[in-house]
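Written below as structure tokens is the structure these notes are about.
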Amino acid sequence: QVRLVESGGGLVQAGGSLRLSCAASESIFRINLMAWYRQAPGKQRELVATITKDGLTNYADSVRGRFAISRDDPSNTIDLQMNSLKPEDTGVYSCTALGLYWGPGTQVTVSS
């Protein structure tokens, strides 16, 4: 079982940046799909970005061009660089491996 722990959340003003990191308890080299999701208060969890083991990425329309997902297999981490943040980006951000294993999440709050 893969354990995931997110870090890097916090409070930031609109227009600012944050970098989230997700650390896995074991090698992610063979895990084909890693992803970041977020859940805003009172809303359903939504997909933010995905990355395959070959480095192919995909983004939600709402974050494309502002967010960048990356993976570093030697350190077993998945990062999410978030730029030009908006208040609507506020939520709990969680990473997942294959949609089977989930971290507890990290809170991101963007003030206007």
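Because the structure is a prediction, the values reported are computed rather than measured.
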Practice task
Identify the two heavy atoms, one from Arg66 and one from Leu85, that lie closest to each other, and give their separation to 0.1 Å.
Solution key: NH1-CA, 3.9 Å
Exercise for the section: Heavy atoms only: give me the nearest Tyr93-Gly91 pair and the separation to one decimal. Expected result: CD1-O, 3.4 Å
Handout entry: N/O donor-acceptor pair under 3.5 Å between Ser25 side chain and Arg3 backbone
Key = yes
Problem - Spacing of Gln1 atom CD and Tyr101 atom OH [to the nearest 0.5 Å] - result: 6.0 Å
Problem - Validation row: Asn76, Ser27 side chains within 4.5 angstrom (heavy atoms) - result: yes
Problem - Side-chain heavy atoms of Glu46 within contact of Tyr37, under 4.5 Å - result: no
Handout entry: Side-chain H-bond candidate by donor/acceptor type, Gln81 with Asp79, under 3.5 Å
Key = no
Practice task
State, with a plain yes or no, whether a side-chain heavy atom of Met34 is found less than 4.5 Å away from one of Arg71.
Solution key: yes
Exercise for the section: Examine the side chains of Asn83 and Ser17 and answer whether a donor and an acceptor come within less than 3.5 Å of each other. Expected result: yes
Completion exercise
When every non-hydrogen atom of Ser94 is compared with those of Gly105, the smallest separation belongs to OG-CA, 3.6 Å
Fill in the blank from the handout: Here the gap from Leu80 atom CG to Ile51 atom CD1, rounded to the nearest 0.5 Å, amounts to 10.5 Å
Problem - Audit row: Ile31, Leu98, side chain to side chain contact (heavy atoms under 4.5 Å, CB included) steps and yes/no - result: CA-CA 7 Å; Ile31 298 178; Leu98 301 173; 3.7 Å; yes
Problem - Ring centroid separation Phe67 to Trp36 under 6.0 Å - result: no
Problem - Smallest separation among heavy atoms of Leu18 and Val108, with atom names - result: CD1-CG1, 3.9 Å
Exercise for the section: Show which residues join Phe29 in its hydrophobic cluster (side-chain heavy-atom contacts under 4.5 Å, direct or indirect), or state none. Expected result: none
Practice task
Determine, for Asp73 against Lys53, whether the closest basic-nitrogen to carboxylate-oxygen distance falls under 4.0 angstrom.
Solution key: no
Practice task
Indicate, with yes or no, if Ile28 and Leu100 share a hydrophobic cluster defined by side-chain heavy-atom contacts under 4.5 Å among Ile, Leu, Val, Met, Phe, Trp and Tyr.
Solution key: yes
Problem - Criterion side chain to side chain contact (heavy atoms under 4.5 Å, CB included) on Thr106 and Val92, from CA distance to verdict - result: CA-CA 5 Å; Thr106 186; Val92 176; over 6 Å; no
Practice task
Any chance you could lay out the side chain to side chain contact (heavy atoms under 4.5 Å, CB included) test for Leu20 and Met82, step after step, and finish with the verdict?
Solution key: CA-CA 8 Å; Leu20 306 183; Met82 306 187 297; 3.8 Å; yes
Practice task
Measure the shortest side-chain to side-chain distance between Thr77 and Ser21 over non-hydrogen atoms and say whether it is less than 4.5 angstrom.
Solution key: yes
Exercise for the section: Could you tell me the separation between the OG atom of Ser111 and the CD atom of Gln13, rounded to the nearest 0.5 Å? Expected result: 5.0 Å
Exercise for the section: Examine Tyr59 and Leu47 and state if one hydrophobic cluster contains both, with Ile, Leu, Val, Met, Phe, Trp and Tyr joined whenever side-chain heavy atoms are less than 4.5 Å apart. Expected result: no
Exercise for the section: Go through Arg19 and Ser7 one step at a time and tell me if the side chain to side chain contact (heavy atoms under 4.5 Å, CB included) criterion holds. Expected result: CA-CA 9 Å; Arg19 188 175 183 88; Ser7 61; over 6 Å; no
Problem - Exercise: identify the closest heavy-atom pair between Leu4 and Ala24 - result: CD2-CB, 3.7 Å
Practice task
Taking only Lys NZ, Arg NE, NH1 and NH2, and the carboxylate oxygens of Asp or Glu, determine whether Arg64 and Asp61 approach each other closer than 4.0 Å.
Solution key: yes
Handout entry: Lys NZ or Arg CZ of Arg45 over Trp102 ring: under 6.0 Å, within 45°
Key = yes
Handout entry: Distance in Å, Gln44 CD paired with Arg38 CZ, rounded so as to fall on 0.5 Å steps
Key = 14.0 Å
Problem - Nearest heavy atoms of Pro104 and Val5, plus distance in Å - result: CD-CA, 4.4 Å
Handout entry: Name of the residue among Asn58, Thr57, Val63 meeting side-chain contact (heavy atoms from CB on, under 4.5 Å) with Ile69
Key = Thr57
